[in-house]
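Residue numbers count from 1 along this sequence.
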Amino acid sequence: MPKSRIRKKADFTPPPAKQAANIKLDSRGWVAPVMLAMFLIGLAWIVVFYVTSGSLPIDALDNWNIVVGFGFIAAGFAVSTQWK
């Protein structure tokens, strides 16, 4: 009985290595300081309002001082969306 032919398998050659693409994230340098400043100003506004029993920071605003403080905090979150 004749022997069957032995098929030679091709040697494995790995695919060519891809070069790493330079990802340039242009992070805006002003975003983090402004965001943190807004957070801290809002927090300080609310704390000062509660510590002074509503006489500071602006007496005429009465309880709207809380809304102003949270407005600063919300503005901080809005600025944070610009961070890349």
Side-chain angles (χ1 to χ4, degrees):
M1 187 169 217
K3 286 187 170 181
S4 65
R5 292 186 189 172
I6 298 175
R7 286 183 262 163
K8 186 176 180 183
K9 292 183 180 180
D11 292 333
F12 175 74
T13 55
K18 294 182 181 179
Q19 293 180 353
N22 289 340
I23 299 174
K24 190 173 183 180
L25 297 176
D26 292 329
S27 182
R28 298 174 182 140
W30 58 271
V31 173
V34 171
M35 175 184 65
L36 292 175
M38 295 297 235
F39 288 155
L40 292 176
I41 290 170
L43 179 67
W45 194 288
I46 293 171
V47 168
V48 167
F49 175 72
Y50 277 115
V51 169
T52 61
S53 298
S55 63
L56 288 176
I58 300 175
D59 191 27
L61 289 180
D62 201 30
N63 285 335
W64 283 96
N65 280 305
I66 297 171
V67 175
V68 172
F70 278 113
F72 276 111
I73 294 171
F77 280 113
V79 169
S80 72
T81 63
Q82 299 299 314
W83 198 355
K84 291 185 180 180

Over all atoms of both residues, closest heavy-atom pair of D62 and F49: O-CE1, 3.1 Å
ILVMFWY cluster, M38 and V67 together (side-chain gap under 4.5 Å): yes
L56 with W64, same ILVMFWY side-chain cluster at under 4.5 Å: no
Nearest atoms (heavy-atom pairs only) where S80 meets M35: CB-SD, 3.1 Å
Shared hydrophobic cluster for L61 and L43 (ILVMFWY, side-chain gaps under 4.5 Å): no
Partners passing ring-ring contact (aromatic ring centres under 6.0 Å, His included) against Y50 (at least two apart in sequence or in another chain): none
Test side-chain contact (heavy atoms from CB on, under 4.5 Å) applied to F70 and I73, step by step: CA-CA 5 Å; F70 278 113; I73 294 171; 4.2 Å; yes
Closest non-hydrogen atom pair, D59 against G54: OD1-O, 3.5 Å
Cluster link I66 to F77, ILVMFWY, side chain under 4.5 Å: yes
N65 side-chain N/O to I58 backbone N/O, donor-acceptor pair under 3.5 Å: yes
Hphob cluster co-occupancy, W83 + W30, side-chain heavy atoms under 4.5 angstrom: yes
Between CG on residue L36 and CD1 on residue I41, distance to nearest 0.5 Å: 11.0 Å
